[in-house]
Protein chains: 2
Amino acid sequence: MLYPIRAVAKLTGLSIDTLRAWERRYGAVEPQRDDRGRLYSESDVRRLHLLRTAVERGHAIGRLAGLSDGQLKDLLSYTATVNEGREALAAGVAPTPRRAVRPALIQGVMASIERFDYAAADRELARLGALLSPRELVHQVAQPLMLHIGDEWHAGRLGIAQEHMGSSLLRNLLGALVRLYVRNDPPATLLLTTPSDERHEFGILLAAMLAAGGGLGIVYLGTDLPAEEIVKAAGRTSAGAVVLGMTGSEEAKKSMGCFAQVVRELPESTELWVGGLKSEELAKEVKKTRALVIEDFPALEKHLIRLGAQF
Amino acid sequence: MLYPIRAVAKLTGLSIDTLRAWERRYGAVEPQRDDRGRLYSESDVRRLHLLRTAVERGHAIGRLAGLSDGQLKDLLSYTATVNEGREALAAGVAPTPRRAVRPALIQGVMASIERFDYAAADRELARLGALLSPRELVHQVAQPLMLHIGDEWHAGRLGIAQEHMGSSLLRNLLGALVRLYVRNDPPATLLLTTPSDERHEFGILLAAMLAAGGGLGIVYLGTDLPAEEIVKAAGRTSAGAVVLGMTGSEEAKKSMGCFAQVVRELPESTELWVGGLKSEELAKEVKKTRALVIEDFPALEKHLIRLGAQF
DNA sequence: AGATGCTTGACAAACCATAGACAGAGGAAT
DNA sequence: ATTCCTCTGTCTATGGTTTGTCAAGCATCT
């Protein structure tokens, strides 16, 4: 997926002039060209976003431009804070293979989880988080990992404790990464939450990751929020869309009640997206309303792009 | 990582003029230079933060500048205890630390949360997370913030949505920070979780933060884990202690059942700590067993130190 | 013709640095 | 109490650099 300069400007919040100047003067990114003009890759956009955030925090673009993506992430994350005797640890880490074997991305993590080795699993996940884009992380790590853990559990090869450990690790990583991409003057803002009695958080967390990674603003409200509150919050944040995670695996009726109320009270100008639906039945119910059913993550991405390019 | 003066000003809250004056007049810090200007190291930033807090407590920068980092820390912890003692004395015989910490640090965050400004709140929290030690963060930010949000909610000045937003922000920050402190050759390992039907995560998350910050290993298993699994996981990870978060605010009976089973099945060699207890009744039940009741975070820290943590 | 994009050059605003000045706070001495 | 005096945050003046934005001129496509 390649983006023309105009789209990148909206996506990153940088002016077209600035984009060109950064390229000309510092070689901050070097997008492809075709006869029509510049074409930025996804990783270009990601890098520009990191640069912009760093600049906002007081760093000079002239100095930043030479840094690698990894260094930029380090600069923005809190590694900056702690690392007393951490250099030694970093020095012992093996150089990361640039092109990891794709199907085996998860294997290291899974092996560590099986061994109950929290530290190792976290290291492995952190490595992936630093290496991959939000999209790749969601599609190639987070989703497969949760699926695989679920399978292994059903097959009796993993305990609930390990399932919990995997979830917590991933939860923490995603939370950390989402924070890395939060920006303050986005083209549009998404409000993410789940209705009353719906406690599955992963869907909206992944959605938040994708949205933030794509340059949209997010307001993340966690799980189990009553309808009035959702509506009120949507108004206060002037959200472009409300994203509800609804698996409906337990207490589906109550959640549906809450959902129905949101449909009634949310102003027409705010879009309402629902994802995570597992039962056909529930999906049918939702489709009767004006709400948009998000089938999967590619579908979510389409709508995100629509919302980002819209304003 | 190095920070230009502008970034340091934002990070520490000191004006650029002040930074230069402190350097010129007192040599408070002596950052590197390159042809573009000053470049502060992370330890410079930390030192400046210490200086700033000391100045806010009434010390003179002229005297502080000569002190070493260690002396500064000593000074701060000393005056902190003195002030607390004085305040407690003045307020009668109220040793309750509930309101002791003034919310100066969290005011910015609170204001942003009230405005539903997710990005700003996150930025502010990130700033605090970057400057404070895990201990300070837990004691001066996380706890006060949750308390304050709770109070404001009871007073009707905050909605549930805002409460959720605050929790999510803090949850993400803590998760991110815990990951930073995870190490692989700890003197002892803690297993943290909550028993069945206990969904309050914050207690064990803060505990994980303190433990990891103190150099202990952690295995974080999240909430709502059955007894067999807790016991099994404790065995597999050869944990030095199992830390259970039990508020017992809902489904207390089921949680107690799970707890009782853990007491029976967990080998004597593994310590069992229980924190977060809100009702006296529950605490009494727990005290009948061999489990250790953790009253508050200072108590937790004592036990962490006993197990090998260093603050 | 009207968009859109590219390059180049120019320029004002913002930044950073140094050195010195100034004013208010507070301590010490009279 | 009053008068110094020191301390300290902020401001000014001056000079060099960096950086965002604009304009002019050209090319391409609809």
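In what follows, chains carry the letters A, B, and so on, assigned in the order in which the sequence lines appear, proteins first and then strands, with residues in each chain numbered from 1.
The phosphate of dT18(C) has OP1 or OP2 within less than 4.0 Å of a side-chain N or O from R33(B). Distances shown here put a side-chain N or O of S15(B) below 4.0 Å from the OP1 or OP2 atom of dT10(D). For the OP1/OP2 pair of dT18(D) and a distance below 4.0 Å, the side-chain nitrogens and oxygens of Y26(A) include no atom meeting the criterion. Taking side-chain N and O atoms only, R20(A) has a distance below 4.0 Å to OP1 or OP2 of dC6(C). Between R38(A) and dG5(C) there is no side-chain N or O to OP1 or OP2 distance below 4.0 Å. Between R25(A) and dT21(D) there is no side-chain N or O to OP1 or OP2 distance below 4.0 Å. For the pair T18(B) and dT10(D), the criterion of a side-chain N or O lying under 4.0 Å from OP1 or OP2 is met. Remark: R36(A) is not in phosphate contact with dT28(D), judged by side-chain N or O atoms under 4.0 Å from OP1 or OP2. OP1 or OP2 of dG9(D) has not a single side-chain nitrogen or oxygen of R52(B) nearer than 4.0 Å.
The CG atom of L19(B) sits 14 Å away from the C1' atom of dA17(C) (whole-angstrom rounding). Look at CG on L39(B): it is 17 Å from P on dC15(C), rounded to the nearest Å. dA21(C) atom P lies 17 Å from atom CG of D17(B), rounded to whole Å. Rounding to whole angstrom units, CZ of residue R24(A) and C1' of dT18(D) are separated by 13 Å. Between Y3(A) atom OH and dG5(C) atom P there is a gap of 17 Å when expressed in whole angstrom units. Rounded to whole angstrom, the span from the CD atom of Q32(A) across to the C1' atom of dG5(C) amounts to 17 Å. Atom CD of E23(A) is separated from atom C1' of dT7(C) by 11 Å (rounded to the nearest Å). Summarising the geometry, the separation between CD1 on I16(A) and P on dC22(D) is reported as 12 Å, rounded to the nearest angstrom.
In this structure, the separation between CD on Q71(A) and CE on M1(B) is 5.5 Å, given to the nearest 0.5 Å.
Other residues, nucleotides and ligands place no more than 12 heavy atoms under 6.0 Å from the CZ atom of R63(B). Shown here is R36(A), whose CZ atom has no more than 12 heavy atoms of other residues, nucleotides or ligands within 6.0 Å.
The residue among R63(B) and I61(A) whose nearest nucleotide of DNA chain D lies closer to the 5′ end is R63(B).
A salt bridge links E56(B) to R52(B): one of the charged nitrogens lies within less than 4.0 Å of a carboxylate oxygen.
Ring geometry, H303(A) versus W273(A): the interplanar angle falls from 30° to 60°, so the pair is classed tilted.
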